[in-house]
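Chain A is the first sequence line, chain B the second, and so forth, proteins listed ahead of strands; every chain is numbered from 1.
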4 protein chains.
Amino acid sequence: MKKNKPKYNQIIEAAVEVIAENGYHASQVAKIAGKAGVADGTIYLYFKNKEDILVSVFEEKMGQFIEKIANAIRDKNNAVEKLYTLIEMHFRQLSEDHHLAVVTQLELRQSDKELRLKINHALKPYLAVIDDIIKEGIEEKVFRDNLNIPLVRQMIFGTMDEIVTNWVMKEQKYDLTSQTPDAHAFITDGLSLKMS
Amino acid sequence: MKKNKPKYNQIIEAAVEVIAENGYHASQVAKIAGKAGVADGTIYLYFKNKEDILVSVFEEKMGQFIEKIANAIRDKNNAVEKLYTLIEMHFRQLSEDHHLAVVTQLELRQSDKELRLKINHALKPYLAVIDDIIKEGIEEKVFRDNLNIPLVRQMIFGTMDEIVTNWVMKEQKYDLTSQTPDAHAFITDGLSLKMS
Amino acid sequence: MKKNKPKYNQIIEAAVEVIAENGYHASQVAKIAGKAGVADGTIYLYFKNKEDILVSVFEEKMGQFIEKIANAIRDKNNAVEKLYTLIEMHFRQLSEDHHLAVVTQLELRQSDKELRLKINHALKPYLAVIDDIIKEGIEEKVFRDNLNIPLVRQMIFGTMDEIVTNWVMKEQKYDLTSQTPDAHAFITDGLSLKMS
Amino acid sequence: MKKNKPKYNQIIEAAVEVIAENGYHASQVAKIAGKAGVADGTIYLYFKNKEDILVSVFEEKMGQFIEKIANAIRDKNNAVEKLYTLIEMHFRQLSEDHHLAVVTQLELRQSDKELRLKINHALKPYLAVIDDIIKEGIEEKVFRDNLNIPLVRQMIFGTMDEIVTNWVMKEQKYDLTSQTPDAHAFITDGLSLKMS
DNA sequence: AATGAATGAGGTTTCATTCAT
DNA sequence: AATGAATGAAACCTCATTCAT
C-alpha cells in the first residue's frame, strides 16, 4: 500500500468496483477514472498502462489478504489449527468483500497469459504460507512425512479456490465461511472413514 | 457429435488447434475458418456465432472425455478404485492431448462470465459421475457418512483441476499421470498421519 | 496503378483530396474513407495501415508523374531540349493538379523520418532521369565535363522544388509554367553575363 | 536575443537539442523543460505556447546565422565574391552545428502549414541578402540584366538548401563545405560549356 | 450449400496547457 | 517567479457478422 497517495488508492478501489460491476472486458479506463473521480489522463500518472492497474489491484488486495491471514496464524500453536484458520480467513475475507471475490475468482482470470503470469507471481507469498504449514505439520508428526509438498499445496489451494469460485458463480446465495469445517476435514482426513 | 456433418467437425477441430496455438484472444473466426478450410461465412451456417463455436468445442470434447471415464469406471468394483481410475483417466486424457489441455485449462477460462456459465453447464455430467462415486463410497462405508457431497465434489474437482493447470502452466515439463497416487491419497486420506 | 481495383484507386484519390484540403495532421482515416465512399474498415483491406496509404499515394502519383515526363522527353533530340521539357512538364503537371501540388510540396513533408525515407525512395527514378540528361549533355559537349553529377542533380531538383514550393505557399497566385524559360536559363547558363 | 533572460536562452538551446535528438514529433514540452532544467509551467512564462518556442528557436538561430553571413560579406568587393562567401558560410555554419542542421533541414519541416509560414517569415532577411547580391551583380554587369530576381533568389536558395538536406540525410558522411566551388560554379555559370 | 468483400462500432493513451500553491 | 499535478480531447485499427452472388 503506497501511503500518502490518495489518488493511487482511489483508482485501485474504483478499479475493483468497476470490474466487479461491469466484468473484465467492459472495464474501460474511462469508467475507472470516472468512478475514481479523476480525469482519464490522471490514471497514467499513477499506472504505466491498463494492465498495470489490474496487476496492482491484485498485488494490493493480495498483499492485504495475505497479511491478515499471516497475522491470524501467528499465534496459533500447531499446523492443524493454522490450516483451519487459513481456510476460515480465506473464506471469510472473500465472503466479506463480494466485489473482490468476483474480481479474483471470475474477472481477473479472463486476462491474457502475460497478465496471468504476473498475477500468479503475486500469489507466491500465499503459497509459501501454505507450504510452511505443511512443513510444520510434518515436523509435528501430525501430517505424513512422505507428502509431495508442491503437489499438496496445489491440492489445498485448488480445493479452496474451487469452493470459492462455485460460491461466487452461485451468486453467493449461501454462507461461504460455514464451509470451513468440512473443507478442513477433507484436507486433513480426506474422505476415508476413520478406523478405530 | 453431429454425424454426417463433416464441416461441423472440421470447424470444431480447427477451433481447438487455433485456440491452442494462438490463445483465446487471438483466435479470430477468420483463422478458424482458414484452418478448417472453409470460408468465413460458412462458419455461420453451422454455428450461431463465435461463442457457439467455443461452447460446442467444450461440449464435444467434454462429451468424449466423460464417456471414456464412465466406460473405464464401469467395471471397477468399489468407490476407491473408481475414484483412482477417474483421477488417472482425467490426468491421462489431458496428458495425451496437449492442445485440449491448453484450451480447457488456460484459454477457455479467459472467456466472459456468460460463456463460463455455459461451459460449466457442460461440466455437469462429469460432476454427477464424481457425486455417484462419493455416494457409492458412503454406502460401502469406506467414506464417512457425514460428507457434504456438493462441497466434497468441488474439492475433488478443484484438486484435480489445480494440478492439471499447474502442469500446463509449467509447460508440461513433467509427467502428469504419475501424480495420480499422491492425488488419490490426498483425496482419500488427507494430510493426516494414520493412527495404527 | 493497380488495375481492376476500383476501391484502391478511389481511396488513393480521396486521400489526395483530404490531405490537400485538411492538411497532413488533420487527415484522419475516417475522413479519407468517407470521401472515398467506403467504410473505415475497408481501407484496411487495401492498405496495411495509414502510412501505407500515404506512401502509396506518393508512389502512384510519382509513377504517373515520371512516366509522363519520360514520354515527353523521349523524342527530344538533345540534352538542352530534354532539360527544358523536364522543367516544363514538372511545372505543368503540378500546376494542373493543385491538390497534388499541395500534398507533395507541403503536406507530405510533415511526415516523420521513416515515411520521408520511403517517399525519397519513390523519387529515385525521377532523379535517375535527371542524371541521364546531365550525362547526355556532357557527351554532347554542351555541358561541362567536370560536373559533379549527384551534386548537380541535387541543384537542379532543388531549384525546381523551391520554385514550386514558393508558388504553392503563395497560394498559386501566379502562373507556374511560365517560369520555365527563366529556370531553364538559370540551370544552363547560371547568372553570368555571357561574353561575346 | 533577449538579454538578461537566462531561462529564455536555456529553453531555446534545450529545444534545439531535444528536437535534434528526438525528432520533431517526439519533442514534448516536458522534455524541453527537463533538459532546460525548469518546470513545465515555467516554459509558459517565457513562451506563449509550443509553437512560439519553435518559431523563436528558428528566429534566434536564423538571426545569428544571417548576422555572421552579413558580416563576412561586408568587406567583399563584388557580387561574385559575396555570393561565394554566402554559399561557403551557409554550408560551414550548418556543417559546424549538426544539431542545428538536423533541426532546420529535417525536423522543423514536419511542422504544419501555419508554423511553416512563420518560419518562412523569419527567413526573409536572409532572402533579402541574396537579393542584394543579385542586384549588385547586375549593376556590376557581371550578371545578366534580365534576371527575374525573386525567381533567381528561389533557385539559389533551393540549390543550397537541397545540397544541405541531402548531406544531412546521408548522415553528414562527407564534407559539406568543400561543395562550395561546385555550387558556386553552377549558380554563376550553369551547366553550359563556356564558349571561348 | 458456399463464398468472401464489405461493414462500422469501440477504446487506450498521449501531451499541450492550466492554475493552486 | 516558479512549480508540477491534473486535465481531457482525439484517432487508428480490429474483427465478428452480413448478404449479394
Round to the nearest Å and state the distance from [X] atom [atom1] to [N] atom [atom2].
X: C:L45; N: F:dA16; atom1: CG; atom2: C1'; value: 14 Å
X: B:I43; N: E:dA2; atom1: CD1; atom2: P; value: 12 Å
X: A:L115; N: E:dT12; atom1: CG; atom2: C1'; value: 16 Å
X: A:Y8; N: F:dA5; atom1: OH; atom2: P; value: 17 Å
X: A:F47; N: F:dA6; atom1: CZ; atom2: P; value: 12 Å
X: D:Q10; N: F:dA1; atom1: CD; atom2: P; value: 14 Å
X: A:Y24; N: E:dG11; atom1: OH; atom2: C1'; value: 13 Å

Count the heavy atoms of every other residue, nucleotide or ligand shown that sit under 6.0 Å from NE2 of A:H98, and state whether that count exceeds 12.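 Count over threshold, so yes.
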
Residues B:E21 and B:K35 bridged, charged N to O under 4.0 Å: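 Yes.
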
Please determine whether a side-chain nitrogen of the Lys or Arg among C:E51 and C:K118 lies less than 4.0 Å from a carboxylate oxygen of the Asp or Glu.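 Judged by the 4.0 Å cut-off on N to carboxylate O distance, C:E51 and C:K118 do form a salt bridge.
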
Min side-chain heavy-atom separation A:Y46-A:T42 under 4.5 Å: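 They are in contact (side-chain heavy atoms under 4.5 Å apart), so the answer is yes.
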
A:Q105: side chain to side chain contact (heavy atoms under 4.5 Å, CB included) partners, not counting sequence neighbours: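 A:L94, A:R109, A:D161, A:V164, A:T165, A:V168.
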
Tell me whether the side-chain N/O atoms of B:Y46 come closer than 4.0 Å to OP1 or OP2 in E:dA1.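 It does not, given that no N or O in the side chain of B:Y46 lies less than 4.0 Å from OP1 or OP2 of E:dA1.
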
Summarise protein proximity over nucleotides 14-20 of chain E in one line of letters, 5' to 3': B for base, S for sugar-phosphate only, - for none, counting protein heavy atoms closer than 4.0 Å. BSSBB--

Checking side-chain polar atoms at under 3.5 Å, does A:Q28 have a donor or acceptor matched by the opposite partner on A:K31?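 Yes, side-chain donor-acceptor contact under 3.5 Å.
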
Consider only side-chain N and O atoms of C:Q110 and C:E107, and report whether a donor and an acceptor are under 3.5 Å apart.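 Short answer, yes.
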
Using Watson-Crick pairs (N1 to N3, plus N6-O4 or O6-N4) and G-U wobble pairs, both distances under 3.5 Å, which stems of at least 3 pairs involve DNA chain E?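 Stem list for DNA chain E: E:2-21 with F:2-21.
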
Can you see which heavy atom on D:S27 is nearest to which on D:K50, and at what distance?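 So the two residues come closest at O-NZ, 2.9 Å.
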
Give me the ring orientation class for D:F47 and D:Y8: parallel if the planes are under 30° apart, tilted from 30 to 60°, perpendicular past 60°.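 Plane angle under 30°, so parallel.
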
